[in-house]
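Data first, discussion second: the structure below is written as structure tokens.
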Amino acid sequence: QVQLVESGGGLVQAGGSLRLSCAAAGRTFSDYYIGWFRQAPGKERDFVASINWSGVGPYYTDSVKGRFTISRDNAKNTVYLQMLNLKPEDTAVYYCAARSVGTRSNSYWNYDYWGQGTQVTVSS
């Protein structure tokens, strides 16, 4: 089992940047495939980005490509989501999640462990 804690959210103006962190505790962090998801009020939880244990081949949803970067530091048991050029439509609660099976998935139901979420609000 792994416990996840997100941090780094906040209020930022459009065009600004934030870096989210997801700190993990518990089992060996490098065993897990990690994803970032977001959920706006009244909407489903959507895939944002994901990364495997070695950091190879990160994946992104189309709307954040070129603006967001996912990375991980297994020595620090932490995954990051660097977000640049933020837009009002990026406003949501952002969650990190861990998948026990180390293969890629964009579907939130395939992830086994979740953090509590961190709010990101982008003003226009």
Side-chain angles (χ1 to χ4, degrees):
Q1 188 171 353
V2 64
Q3 295 82 40
L4 304 172
V5 178
E6 302 96 335
S7 62
L11 173 64
V12 65
Q13 288 187 333
S17 62
L18 287 171
R19 188 177 80 158
L20 306 183
S21 298
C22 173
R27 279 187 54 186
T28 305
F29 181 60
S30 59
D31 289 345
Y32 294 92
Y33 189 87
I34 302 296
W36 281 98
F37 292 78
R38 63 187 179 186
Q39 189 166 20
K43 296 188 176 181
E44 288 192 350
R45 190 165 296 190
D46 291 331
F47 170 78
V48 176
S50 63
I51 194 167
N52 75 350
W53 70 271
S54 65
V56 174
Y59 299 97
Y60 302 92
T61 191
D62 286 345
S63 64
V64 308
K65 286 180 181 177
R67 300 189 297 123
F68 290 12
T69 303
I70 188 172
S71 61
R72 67 189 293 167
D73 185 336
N74 289 336
K76 295 182 177 179
N77 287 350
T78 303
V79 173
Y80 304 98
L81 186 68
Q82 178 69 55
M83 306 186 295
L84 303 177
N85 189 22
L86 283 160
K87 303 176 180 181
E89 52 263 42
D90 295 318
T91 295
V93 177
Y94 283 70
Y95 299 89
C96 71
R99 174 169 158 78
S100 300
V101 177
T103 54
R104 171 190 175 189
S105 176
N106 294 356
S107 304
Y108 69 86
W109 54 85
N110 284 333
Y111 286 75
D112 305 296
Y113 305 101
W114 291 84
Q116 82 289 349
T118 185
Q119 176 71 48
V120 171
T121 303
V122 185
S123 63
S124 57

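Since this is a predicted model, take the numbers as computed values, not measurements.
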(request) Name all pairs fulfilling the side-chain hydrogen bond (donor to acceptor under 3.5 Å, both in side chains) condition that reach into residues 93-105, sequence neighbours left out, sorted by first residue then second. (result) R38-Y94, R99-T103, S100-D112, S105-N110
(message) Within the 4.5 Å heavy-atom criterion, are V120 and L20 side-chain neighbours or not?
(response) yes
(request) Looking only at non-hydrogen atoms, find the nearest pair between S17 and Q82 and report the distance. (result) CB-NE2, 4.2 Å
(request) Identify the heavy atoms of G9 and T118 that sit nearest to each other, and give their distance. (result) N-OG1, 3.1 Å
(message) Contact between I51 and Y60 at the side-chain level, heavy atoms closer than 4.5 Å - yes or no?
(response) no
(request) For the pair Q39 (side chain) and A92 (backbone), establish whether a donor and an acceptor sit closer than 3.5 Å, ignoring hydrogens and angles. (result) no
(request) Measure from the side-chain N and O atoms of T91 to the backbone N and O of V122, and report whether any donor-acceptor pair falls under 3.5 Å. (result) yes
(request) Give, for atom CG of N106 and atom OG1 of T61, the distance between the pair rounded to the nearest 0.5 Å. (result) 7.5 Å
(message) Restricting to ring-ring contact (aromatic ring centres under 6.0 Å, His included), what partner residues turn up for Y111, sequence neighbours left out?
(response) F37
(request) Quick one: do Q119 and L11 satisfy side-chain contact (heavy atoms from CB on, under 4.5 Å)? Show the steps, please. (result) CA-CA 8 Å; Q119 176 71 48; L11 173 64; over 6 Å; no
(message) Run the salt bridge (Lys or Arg N to Asp or Glu O under 4.0 Å) test against K43 and tell me which residues pass, sequence neighbours left out.
(response) none
(request) Report the residues that fulfil side-chain hydrogen bond (donor to acceptor under 3.5 Å, both in side chains) with S107, sequence neighbours left out, ordered by chain and then residue number. (result) none
(message) Tell me the closest heavy-atom pair linking L4 and A24, and the distance in Å.
(response) CD2-CB, 3.7 Å
(message) Same cluster or not: F47 versus Y108, using hydrophobic residues (I, L, V, M, F, W, Y) connected whenever any side-chain heavy atoms lie under 4.5 Å apart?
(response) yes
(message) Within the structure provided, determine whether F68 and W36 are in side-chain contact (heavy-atom separation under 4.5 Å).
(response) no
(message) My understanding is that only residues two or more places apart in sequence, or in another chain, count here; which of them pass side-chain contact (heavy atoms from CB on, under 4.5 Å) with Q1?
(response) Q3, Y113
(request) Name all pairs fulfilling the salt bridge (charged side-chain N to carboxylate O under 4.0 Å, His left out) condition that reach into residues 44-62, sequence neighbours left out, sorted by first residue then second. (result) D62-K65
(message) Between Y80 and I34, is there shared hydrophobic-cluster membership here, with clusters defined by ILVMFWY side-chain heavy atoms closer than 4.5 Å?
(response) no
(message) Just to verify, what does Y33 make a side-chain hydrogen bond (donor to acceptor under 3.5 Å, both in side chains) with, not counting sequence neighbours?
(response) S50
(message) Going by the rule side-chain hydrogen bond (donor to acceptor under 3.5 Å, both in side chains), which residues pair with E89 if we only count those two or more places apart in sequence or in a different chain?
(response) none
(request) Indicate the atoms forming the closest heavy-atom contact of L86 with L18, along with that distance. (result) CD1-N, 3.8 Å
(request) With rounding to the nearest 0.5 Å, note down the distance linking OH in Y32 to CG in N74. (result) 12.5 Å
(message) Quick check: is V93 connected to L81 through a chain of hydrophobic side chains (ILVMFWY, heavy atoms under 4.5 Å apart)?
(response) no
(request) Please collect all disulfide (SG to SG under 2.5 Å) contacts where either partner lies in residues 39-77, sequence neighbours excluded, each pair once. (result) none
(message) By the disulfide (SG to SG under 2.5 Å) test, which pairs, at least two apart or in different chains, include something from residues 87-124?
(response) C22-C96
(request) Mind listing the closest non-hydrogen atom pair of V2 and A98 along with its distance? (result) CG1-CB, 3.9 Å
(message) Suppose the criterion is salt bridge (charged side-chain N to carboxylate O under 4.0 Å, His left out): which pairs have a residue in residues 67-79, not counting sequence neighbours?
(response) R67-D90
(request) May I ask you to list the residues sharing a hydrophobic cluster with V5, side-chain cutoff 4.5 Å, ordered by chain and number? (result) none
(message) For the CD atom of Q13 and the OG atom of S124, what is their distance to the nearest 0.5 Å?
(response) 9.5 Å
